[in-house]
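Following: one structure in structure tokens, then a few remarks.
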Amino acid sequence: MTVGELSVVVHRDAEVLAAAAAARLMVRIVDAQNARGRASIVLTGGGVGIGTLKALNASPARHAIDWAALDIWWGDERFVAPGDPERNELQANEALLDHVPVDPARVHRMPADTGGSPESAAEQYADELAKAARPGADLPRFDVLMLGVGPEGHVASIFPESPAAYDEGLVTAVRNCPKPPPTRVSLTFGTITSADEVWLLAAGEGKAEAVGLALAGAGRVQIPAAGARGGVRTLWLLDEAAAVNVPAELRLRRS
Ligand SMILES: O=C1O[C@H](COP(=O)(O)O)[C@@H](O)[C@H](O)[C@H]1O
């Protein structure tokens, strides 16, 4: 695994953070599409993750994106019935995807609970990833993979000290998750770290301890956010409250 540079950007509050992350995401997608004719992103659930999609939808600059040339994946999903408001995909639809001309064949949703097991859902998603893989690789290229950060340091649905933190496959089934709903599907560390850029989004004082520990060098089993690194770049996008424990020398700039 190649580990790229690490940067921390701190914004005034959650609203500015979501707007700035949306602006950054637009530029990253447009640049990738200009360079390769396509782009690929991985979405997250959570407050800032969905706020970022809402901000993107509210921006006139969203028309700069060629939505039909964008592959959209998810970092994790709640294994509940289709249409359950807990589904990350449903929240992403409402925030953005229902309002832009995406190619449905390129929107790669994780399976919902329709009577099967989360293990078979994880296998199905791994197959979908493999089908879109770059030549000679197990996985497609991800230009940007976004992750929320839980107050205990979880990313995607990899929780501290959980079996998912040790899974060496591409996608894992999560049972007995400490945060409801208890059954989920998640990308593993191996898949997350294959992304060019990993962006960790966190706002609020409730995230400050986990953010501080992750940036202070905690192990990824104890604080999964510490193990979320991009091959080219790892970018922490925080608000002031979440950043109180970030060493001053790690902060790129304030805005
Ligand atoms: O359960 C989840 O939580 C995280 C973080 O959510 P937040 O509201 O505390 O920011 C999210 O990133 C993840 O995708 C989701 O399934």
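Every number for a ligand or one of its atoms is a count from 1 in the order of the listing.
Using modelled atom types, no side-chain atom of E240 and backbone atom of V10 make a donor-acceptor pair closer than 3.5 Å. With hydrogens and angles disregarded, a donor-acceptor distance shorter than 3.5 Å links the side chain of T188 to the backbone of G169.
Residue G45 has at least one nitrogen or oxygen atom sitting less than 3.5 Å from a nitrogen or oxygen atom of ligand 1, judged on distance alone. Here's the thing with G148: one of its N/O atoms is less than 3.5 angstrom from an N/O atom of ligand 1. Backbone and side-chain nitrogen or oxygen atoms of R184 are examined, and one is located within less than 3.5 angstrom of a nitrogen or oxygen of ligand 1. Taking only nitrogen or oxygen atoms, main chain and side chain alike, A156 does not reach within less than 3.5 Å of ligand 1.
The atoms of ligand 1 that sit less than 4.0 Å from any heavy atom of K207 are 7 (P), 9 (O), 10 (O). Short contacts between ligand 1 and T44, defined as distances under 4.0 Å to a heavy atom of the residue, involve ligand atoms 11 (C), 12 (O), 14 (O).
Nearest protein heavy-atom neighbour of atom 3 (O) of ligand 1: K179 NZ, 2.7 Å. Counting only heavy atoms of the protein, atom 8 (O) of ligand 1 lies nearest to G47 N, 3.0 Å. In terms of protein heavy-atom proximity, atom 6 (O) of ligand 1 is nearest to G46 CA, 3.3 Å. In terms of protein heavy-atom proximity, atom 16 (O) of ligand 1 is nearest to D76 OD2, 2.5 Å.
Residue L201 does not touch ligand 1, judged by heavy-atom distances below 4.0 Å. With a 4.0 Å cut-off on non-hydrogen atoms, H154 touches ligand 1 through its side chain and not its backbone.
Classified by interplanar angle (parallel below 30°, tilted 30° to 60°, perpendicular above 60°), the ring pair H154/F159 is parallel.
Residue R78 places a heavy atom less than 4.0 Å from ligand 1.
Atom CG of L170 is separated from atom CZ of F189 by 15.0 Å, given to the nearest 0.5 angstrom. The distance from atom CG of D113 to atom CG of D84, rounded to the nearest 0.5 Å, is 9.5 Å.
The nearest pair of heavy atoms linking A210 to P151 is CB-O, 3.5 Å.
Tested against E89, the residues R109, R78, H108 include a single side-chain hydrogen bond (donor to acceptor under 3.5 Å, both in side chains) partner, R109.
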